[in-house]
Amino acid sequence: MIFHLLRLVWHRKRQSALLLAELFASFLVLFAVVLGGVVAGDNWRRPLGFEWEDVWFVGVRASSGDRPDEGLAGRDLVALREAVREFPEVRSAAYVDPAPYQHSQWMDGGRIAGRRVMWRMARADDGLPAVLGLKLVAGRWFSREDDPAGTTPMVVSESFARHVFGTTDVVGRDATSEQEREDAAPPAKRRIVGVIADFRQDGELMGPEHYAFQRAEPASGEMRRLPRVLLVRVAPGSGVALEERLLRRLERERPGYTFQIEPLAQMRSSRNATGLIPLATGGVVGLFLMVMVALGLSGVLWQNVTQRTREIGLRRAHGAAAADVFRQVLAEVALLVTLAVAAGALLVVQIPLQDLVTGIRPGAFAASLALTVFGLYGLALASAAYPARLAASLEPAEALRYE
Amino acid sequence: MIRLAGVEKVYRTDRIETVALSQIDLEVAAGDFVAVMGPSGCGKSTLLNLIGLLDAPTKGTVELAGKPVASYRDRDVSRLRNETIGFVFQTFHLIPDLRVLDNVELPLLYRKMSGAERRARATRALERVGLASRLQHFPSQLSGGQQQRVAIARAIAGEPRILLADEPTGNLDSQMGDEVMGLIEDLNQKDGVTVVMVTHDPRQAEKAHRTIRIFDGRQVAC
Ligand SMILES: Nc1ncnc2c1ncn2[C@@H]1O[C@H](COP(=O)(O)OP(=O)(O)OP(=O)(O)O)[C@@H](O)[C@H]1O
Ligand SMILES: [Mg+2]
C-alpha cells in the first residue's frame, strides 16, 4: 500500500509539490520557533553561577567626566566602598564592570594554548565572590597576592577552561593570547588563578558562553580603566529607606560623583522581560502560522477529496472499507510530511554539523528536532482528519455517480 | 449465487421521493449470464449497485453467495465485495494518475498479499485481456476499448465469482464493443464467472442466457 501511495503522490507531482512546499516551509518555521523556545527553556533551568537576591546595583560616575568612566579615581572608589561597608545592613560590597543584568558586554578573544576562543568578560575587585556568591571550582579568587605581578590575574569559567585546556585543572596556566601579527603590540600577559562555575552575566536567558574575570582592584594602585559598578549585598528585606540612606551617605562621601541605585532583582525582571519579547513574538507568529497552515492544509485536502470522489467510490467498489479510505487520506498526508520532514531535517542538521550557530546544546537541538517532527505530524494529521472523515463517509454508489 | 427478494429502493432528496426500484425478485444461479435492459432512468444501475452491495435496499433483502448481507458491518461488506464481485463501468473509472498495472492491482491492495504476488496477478489479468504490452502506460495513452479492457482486467484481478457490468460497451464503437463483449462471454464460459450486465444493445443481450427487463422500476415479464 505504501508503494501504491508513493506512486500516487509521485504521479500527482504538481499538487504533491505544492503540499510538500507548504509542509517544508512549516517545518522550518516550526523548528525555528520550537528551537527558540527549547533553547530558552534549556538556558532558564541552568544555574546562573551567581545569586542576585538582595544585591543592589550602584552605578558610580564622576560628575566631571564626559564618558562614564572618565574622572574616576581609585582612591575615591575605595573610600566609597568603605563608606557603604560601614552600614550594618550591608553584608558585603564589591566592584564589577559590567555587572550582571546590565545591558553592557565586553568581549575578548584570541588564540590561547593553540585554541581559538571567544569569551565574555568583566573586571572585578577582590571582594566580588562574597557579594555574588560565586562558586570557585579550583584555585582562588583575586587578592593582595596578585599586587606585584606584572601579569594580569584571571579567573575563568569552567567552560572556558574545558574549551581551551580540556580540563578544569588549569590554575597557574598562562592565558596570554598568542601574537597573531608581527607588527601588533605584544599582548598583555595573563595568568589563571582560579576557576569558577559557569557564570551567566545576562542571566537566565543567556546561552552557554565562556566567561572570565580580570582583576581590577581600585586599592591596588592606578590602572587604565576602573570598574564603575559597586554591587552591594544587603540584609534580606531591606528597602527604599536603606536605599535613600545609602545614597545620601555616598553623596556626602564624594560630592563630585553621581550614583544610581537599583536592585539587581529589578534589573533582572526587565532584562528577562526584554529577552522574552522576541520569543513571545516568535511564538505568537509561529502559532498563527501553524493555524494558517492547518486551515490551508485542511482546505487543500478537502478539495483533493472532492476531486477524487469517483476514485474513492471506485476503491469502495473494489473492496476498500470506509476505514481503509480514512486511513488512505491520512497515510498520503503522512507520506508527504515524511518527505518534507526528511528534507527539512537534512537542512537543519547542517546547523550543528557545520557549526553555523554556537551556544545551542546538542540535547536542546535534538529535542527541538523531535518536537518539530512530532508537531508537524500532529498538525498535518489533525488537519487531515476532517477531510479523511468526509472521504470515508462518502456513499460508494453516490461517489461513483459524482461528476 | 445472487438472490433479491421484495427489493425496493427509494431515493429521498429534500423535496422529492424517487422510487427507483420496487418489488424486485431476482435469482441468478452460479455461472449464469443475465442481461438487464430497460429505458434510461428505469433503475438498471440502481439494481446493479444493490447486487454489488454498493447500496442497501430500502425494503427487501439482498443475498450474495448465501450470506446474510443485511446484518454485515461495513468492513465485512467490503471484504465480500472485494472477494466476490468485480465491477465494470460504462465510463471505465480508471485512476488517471496511475499506470495500467497499478490500476489493475487496485482490488488486490485490500487483501493481505505480497507486492510480488499482486504484480503477478495483475499482470496475468492484463495478459488475459490482451494488454500485456501496456503495463506501464497511463490510461490517457490508451484507446477507449483498451481502457475498458484494463477495467475488465482490474475487475477480474481478484478472481471474483460475480462480474457486474454497467453498460460496458456504452462508450465504445461497435468493433471495440465486440472485443469487450467477447472477453465477458469468455469469462462466463471458460471461468464460470456469473455475469450481470446492463445493456441497451439487443444484439449484446442475445449473448446472455437470459434478459430481465425493467420498466419504471418494475420488473416486466420477459
Ligand atoms: N442517488 C440518487 N439520488 C436520487 N435519485 C437517484 C439517485 N440515483 C438514481 N436516482 C434516480 O433513480 C432512478 C433510476 O436511476 P438509475 O441510475 O438506476 O437508472 P438507469 O436505468 O441506470 O439509467 P441509465 O440507463 O440512464 O443509466 C432515476 O430516476 C434516477 O434519477
Ligand atoms: Mg445506468
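Reckoned from all heavy atoms, side chains included, excluding hydrogens, waters and symmetry mates.
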Indicate the atoms forming the closest heavy-atom contact of A:Ala317 with B:Arg81, along with that distance.
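So the two residues come closest at O-CG, 3.4 Å.
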
Considering all heavy atoms, the nearest A:Ala320-B:Ser78 contact
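Looking at all heavy atoms of both residues, the closest pair is O-OG, 3.6 Å.
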
Just checking [X]: does its [atom1] atom have more than 12 heavy atoms from other residues, nucleotides or ligands closer to it than 6.0 angstrom?
| X | atom1 | value |
| --- | --- | --- |
| A:Met1 | CE | yes |
| B:Arg79 | CZ | no |
| A:Arg389 | CZ | no |
| A:Lys13 | NZ | yes |
| A:Leu353 | CG | yes |
| B:Arg119 | CZ | yes |
| B:Arg3 | CZ | no |
| B:Tyr11 | OH | yes |

Chain B contact via A:Gln328 - which portion, at a heavy-atom distance below 4.5 Å:
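For A:Gln328, side-chain heavy atoms alone lie under 4.5 Å from chain B.
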
Which bit of [X] is near chain A, if near means a heavy-atom gap under 4.5 Å: side chain, backbone, both or neither?
| X | value |
| --- | --- |
| B:Thr46 | neither |
| B:Arg118 | side chain |
| B:Glu105 | side chain |

Most contacts with chain A, counted as non-hydrogen pairs under 4.5 angstrom, among B:Val77, B:Leu109, B:Asn49:
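Among B:Val77, B:Leu109, B:Asn49, the one with the most close pairs to chain A is B:Leu109.
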
Mind checking the CG-CG spacing from B:Leu98 to A:Leu8? Nearest 0.5 Å is all I need.
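Going from CG on B:Leu98 over to CG on A:Leu8, the span is 4.5 Å.
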
For the atom pair CG (B:Leu94) and CD (A:Glu311), what is the distance rounded to the nearest 0.5 Å?
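Going from the CG atom of B:Leu94 to the CD atom of A:Glu311 covers 11.5 Å.
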
Report yes if the side chains of [X] and [Y] come closer than 4.5 Å at any heavy-atom pair, otherwise no.
| X | Y | result |
| --- | --- | --- |
| A:Arg316 | B:Asp74 | yes |
| A:Leu314 | B:Phe89 | yes |
| B:Arg99 | A:His11 | yes |
| A:His318 | B:His93 | no |

Please determine if B:Asp97 and A:Arg308 form a salt bridge, counting it only when a charged side-chain N lies under 4.0 Å from a carboxylate O.
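Here B:Asp97 does not pair with A:Arg308 in a salt bridge, since their nearest N and O are not under 4.0 Å apart.
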
So, the side chain of B:Asp55 versus the backbone of A:Ala397: is there a donor-acceptor pair under 3.5 Å, distance only?
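No, because the side chain of B:Asp55 does not come within donor-acceptor range (under 3.5 Å) of the backbone of A:Ala397.
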
